[in-house]
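Residue numbering restarts at 1 for every chain, and letters A, B, ... go by the order of the sequence lines.
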Amino acid sequence: MAAAAGPAAGQSRTAVGLRVGVVGSSNLVRDSIVEAFAVRPQVAPMLGLRVTMPVGHRYAVGGQVAVSRSSLRTVGDTASATVTTLTVWAPSVVVRTSLRPWLAAEARLGLLLYDAAEPQGTLFSDGAPVAPMLGVGVALERPLGTRYRAALFLDYDAHRFTTTVLEARGFTGATIVHRVSVGLSLTREFGHAAP
Amino acid sequence: MRRRRALLPLLGAVVLAGCEGAVAPEREAVYDFDLSGSGLVFHWTPDRLPVRYWVAPDAGVVRDFAAEGIRRWTHQFLYGEFRGTLVEDSSTADVLIWVSPASPPAGQPTDDPPALAACEGVTSNDTTATGPRALAGPFVVLISWRSFYSDVDVVNCLERVTTHEIGHTLGLFGHSPNEFDLMNGTPRVASPSPTDRTTVEVLYGTAASILPPEAPQ
């Protein structure tokens, strides 16, 4: 019945989704020591888990945790080097709605947590502040049977980045970091469809 | 349509916020780090990290000061340009640290005013005569101390001088004219100063003209 009614009917159920994709990030730091260079994570594989519950007829609200992991590198004109391996956790609250039977949009409010697993420089030696994050996204959806939905998603989020050590070393302000992720999601719906 | 319009302010806010950016501090080398004014520059390259330090078994407290000195210098770098570690086998080391006479007095450093002549250090190396200029072998650091000074003065001096000599093994071949920099010719402090930090950051951002020695097998 959900398949026949499309995603709008699916949203009247609790949904649990697995998200797999890749995430690209803009520079965390721009620095200049003899020559200018940037510090940014490489494109990272991303894994996410999302639970949403229906609110009214067209909206769903829920929570999501996504994690990505890649090398953090300095990138200059003449030299590049690996700084450390960086894991990024992104828990968020999601508000989702259907714009068309095959198109959904969402907004996210959450946190970004950086975890440098094997610090080789001091950039993260005193930790990184937990950063508030704002995000939006769209998804092209397709029902798979009565309880499953597959989707191709495109997400964007932004947050401010600095660290305790950067501030102590005389960096002023914070960098606005933009992240774009793209991937596939598979969602299972639980409960009964709305009439 | 109304929903889509509701998303626009959010998207606009984050895009406009993207115009902001952190501003990095200026870094300039405050003192010379090249080899005897020759313009030749040495620093360790990423493929040779961590740099391996060996300390003579009879070096006593200097071994602890070497470990702490490596840590203090490593901590100057935001992006991991330098790392060092202690090793047990001298044949695999990039830096050999000897102490003379052996077995200096033990103890914890204090904040007492430094007795500058209680010890001294020398760091040496040779460069290859042919082919691309490179270090010919491991750095050799010789730290000597004088027994007619009090134990406290010797211990304090050994801490400062050991950390200073480790600075030379990073490639800081010059001395700072500022007496409050660790790389002053007669170090009065035991940790790199902000000036030492910016100088070594600039050194590691400069293209090296002297290559590291071949890695010991």
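- Counting heavy-atom pairs closer than 4.5 Å to chain A, the top residue among B:R27, B:E26, B:E28 is B:R27.
- Residues of residues 73-80 of chain B lying within less than 4.5 angstrom of chain A, judged on heavy atoms, are B:T74, B:H75, B:Q76, B:F77, B:L78, B:Y79, B:G80 in numerical order.
- The shortest non-hydrogen separation linking B:G205 to A:V34 is O-CB, 3.5 Å.
- Counting heavy-atom pairs closer than 4.5 Å to chain B, the top-ranked of the candidates A:T172, A:L166, A:V39, A:L123 is A:T172.
- Counted within 6.0 Å of CZ on B:R133, heavy atoms from surrounding residues, nucleotides or ligands total 12 or fewer; the atom is thus considered open.
- Within 6.0 Å of the CG atom in B:D111, the count of heavy atoms belonging to other residues, nucleotides or ligands does not exceed 12.
- Among residue pairs with one or both ends in residues 157-217 of chain B, those qualifying as disulfide (SG to SG under 2.5 Å) are B:C119-B:C157; sequence neighbours excluded.
- Judged as a side-chain hydrogen bond (donor to acceptor under 3.5 Å, both in side chains), and not counting sequence neighbours, the contacts of A:Y114 are A:H159.
- The contact list for residues 166-202 of chain B toward chain A, using heavy atoms and a distance under 4.5 Å, reads B:R197, B:E201, B:V202 by residue number.
- Both the backbone and the side chain of A:R169 come within contact range of chain B, with heavy atoms under 4.5 Å apart.
- At a 4.5 Å heavy-atom cutoff, the contact between A:F37 and chain B is made by side-chain atoms alone.
- Atom CZ of A:R40 sits in a sparse spot, with 12 or fewer heavy atoms from other residues, nucleotides or ligands closer than 6.0 Å.
- Looking at A:V29, only its side chain comes within 4.5 Å of chain B, counting heavy atoms on both sides.
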